[in-house]
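Below is one structure; the comments refer to it alone.
Side-chain atoms are counted along with the backbone in the values below, which use heavy atoms only and exclude waters and symmetry mates.
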Amino acid sequence: MALRPVQVNIKAVDGLAVGRFWAEALGWGVVSPGVTTYVGPGGGLVWPEPLGLGIDLVPVPEPKTSTKNRLHLDLATVSTTHQAELIERLRSLGATPVEVGQVDVPWTVLADPEGNEFCVLEPREIYLDTGPIAAVVIDCVDPRAMARFWGEATDWSVCEVADDHASLRSGKGVGPYLEFLRTPGVKTVPDRIHLDLLPYPGDDKAAEVDRLRDLGATDLDVGQGDVPWTCLTDPEGHEFCVLALS
């Protein structure tokens with residue numbers, strides 16, 4: 001048994017507007033089938049996305065605080081020219097430069113229209129086949145422990161493990177990486193961004209959730225009430241949800 005990461009969930013005051021930003025940023029389509037707004041490759045709603053991760057925008061009343069998210073997206077580029085053009089285009093769409101302590105680095109840190117940080121990377125060979133999202137990056141204290149938990153929680157394979165960095169990727173060798181970056185400090189506030197996981201057809205969601213608890217996940221009450229998904233946190237407190245098969 002294992003779960004598959006299927007989407008990045010972003011809370012937003014104006015989910016449709018932020019969804020349109022990310023659709024333009026990634027060259028993807030945007031649809032609003034109900035309360036949420038979904039961004040994914042192609043022009044229609046294909047879910048779950050078979051070759052990567054979609055983005056699901058969920059409306060909330062509270063704006064983002066000034067605290068940096070401990071999960072962010074890294075965007076891939078194929079040349080320095082592409083990087084410069086992408087940064088210029090993103091700023092024209094409403095992205096703003098952000099200072100998060102970076103000093104003389106080859107990537108650029110921006111925020112989407114509601115302040116969610118992301119990076120536009122310089123070209124790196126490892127990300128040439130990921131699509132527009134190079135990686136989902138999670139700040140953490142112990143990358144080795146995070147790789148162990150998420151490697152057992154999901155069907156993604158561990159690619160690299162070190163004291164300061166670890167990474168996973170779909171066993172199919174497609175889509176973005178999931179990376180854990182050793183970062184000073186600990187998680188103090190809920191993030192605006194988290195991962196959603198989905199069981200495979202035929203697997204038992206309740207059994208999967210129990211398995212995650214055995215691995216070190218903790219139940220999370222965010223006032224969700226009686227919903228078909230389950231809210232949890234990983235061993236360092238990063239929120240994630242296990243969705244129900246429709």
Taking distance alone, no hydrogens or angles, what donor-acceptor pairs closer than 3.5 Å link side-chain atoms of residues 48-59 to residues at least two apart or in another chain?
residue	atom	partner	partner atom	Å
Glu49	OE2	Leu51	N	3.1
Asp56	OD1	Thr36	OG1	3.2

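- Using a 4.5 Å cut-off on side-chain heavy atoms (C-beta onward), Val100 and Val109 make contact.
- Within the structure, side-chain hydrogen bond (donor to acceptor under 3.5 Å, both in side chains) pairs that include any residue of residues 129-148 comprise Lys68-Asp139, Asp129-Arg169, Asp139-Thr183, Arg144-Asp163 (at least two apart or interchain).
- Looking at heavy atoms from C-beta onward, Leu243 lies in side-chain contact with Val6 at the 4.5 angstrom threshold.
- With values rounded to the nearest 0.5 angstrom, Asp210 atom CG is found 9.0 Å from Leu212 atom CG.
- Between Pro123 and Thr80, the closest heavy-atom pair is CG-N, 3.8 Å.
- Looking at Asp214 and Arg211, no side-chain N of the basic residue comes within less than 4.0 Å of a carboxylate O on the acidic one, giving no salt bridge.
- Both Val136 and Val158 are assigned to one and the same hydrophobic cluster, defined by single-linkage of ILVMFWY side chains at heavy-atom distances under 4.5 Å.
- Gln83 contributes a side-chain N or O that, together with a main-chain N or O of Val120, makes up a donor-acceptor pair within less than 3.5 Å.
- Side-chain contact between Leu197 and Trp150 is present, with heavy atoms from C-beta onward closer than 4.5 Å.
- Between Arg192 and Glu114 a salt bridge is recorded (basic side-chain N to carboxylate O distance below 4.0 Å).
- At a threshold of 4.5 Å between non-hydrogen side-chain atoms, the residues Val8 and Ile193 count as touching.
- Residue Leu16 belongs to no hydrophobic cluster, having no ILVMFWY side-chain heavy atom closer than 4.5 Å to its own.
- Look at Glu239 and Lys187 and you find a salt bridge, because one of the NZ, NE, NH1 or NH2 atoms lies within 4.0 Å of a carboxylate O, short of that distance.
- Phe240 places none of its side-chain heavy atoms less than 4.5 Å from the side chain of Asp196.
- Taking Pro132 as the reference, Leu26, Trp28 meet the side-chain contact (heavy atoms from CB on, under 4.5 Å) condition, with sequence neighbours excluded.
- In this structure a side-chain-to-backbone donor-acceptor pair under 3.5 Å is present from Ser170 to Lys172.
- Cys241 SG to Asn9 CG: the interatomic distance, rounded to the nearest 0.5 Å, is 6.5 Å.
- For the pair Asn116 and Ile10, the minimum side-chain heavy-atom distance is below 4.5 Å.
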Residues 175-182, side-chain donor-acceptor partners within the protein, below 3.5 Å, at least two apart:
residue	atom	partner	partner atom	Å
Glu179	OE1	Tyr127	OH	3.4
Glu179	OE2	Tyr127	OH	2.6

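- Clustering ILVMFWY residues whenever any of their side-chain heavy atoms sit less than 4.5 angstrom apart, transitively, puts Leu90 in a cluster other than the one holding Leu121.
- By the 4.0 Å N-to-carboxylate-O rule, Glu117 lies close enough to Lys64 to be salt-bridged with it.
- Taking the side chain as every heavy atom from C-beta outward, His165 and Glu160 approach each other to under 4.5 Å.
- No more than 12 heavy atoms of other residues, nucleotides or ligands shown are found within 6.0 angstrom of CD on Glu88.
- Side-chain contact check for Val137 versus Leu71: every heavy-atom pair is 4.5 Å or farther apart.
- Counting only residues at least two apart or on different chains, the ring pair (Phe, Tyr, Trp, His ring centres under 6.0 Å) pairs with a member in residues 89-123 are Trp22-Phe118.
- For Glu99, the CD atom counts as densely surrounded, since its 6.0 Å shell holds more than 12 non-hydrogen atoms of other residues, nucleotides or ligands.
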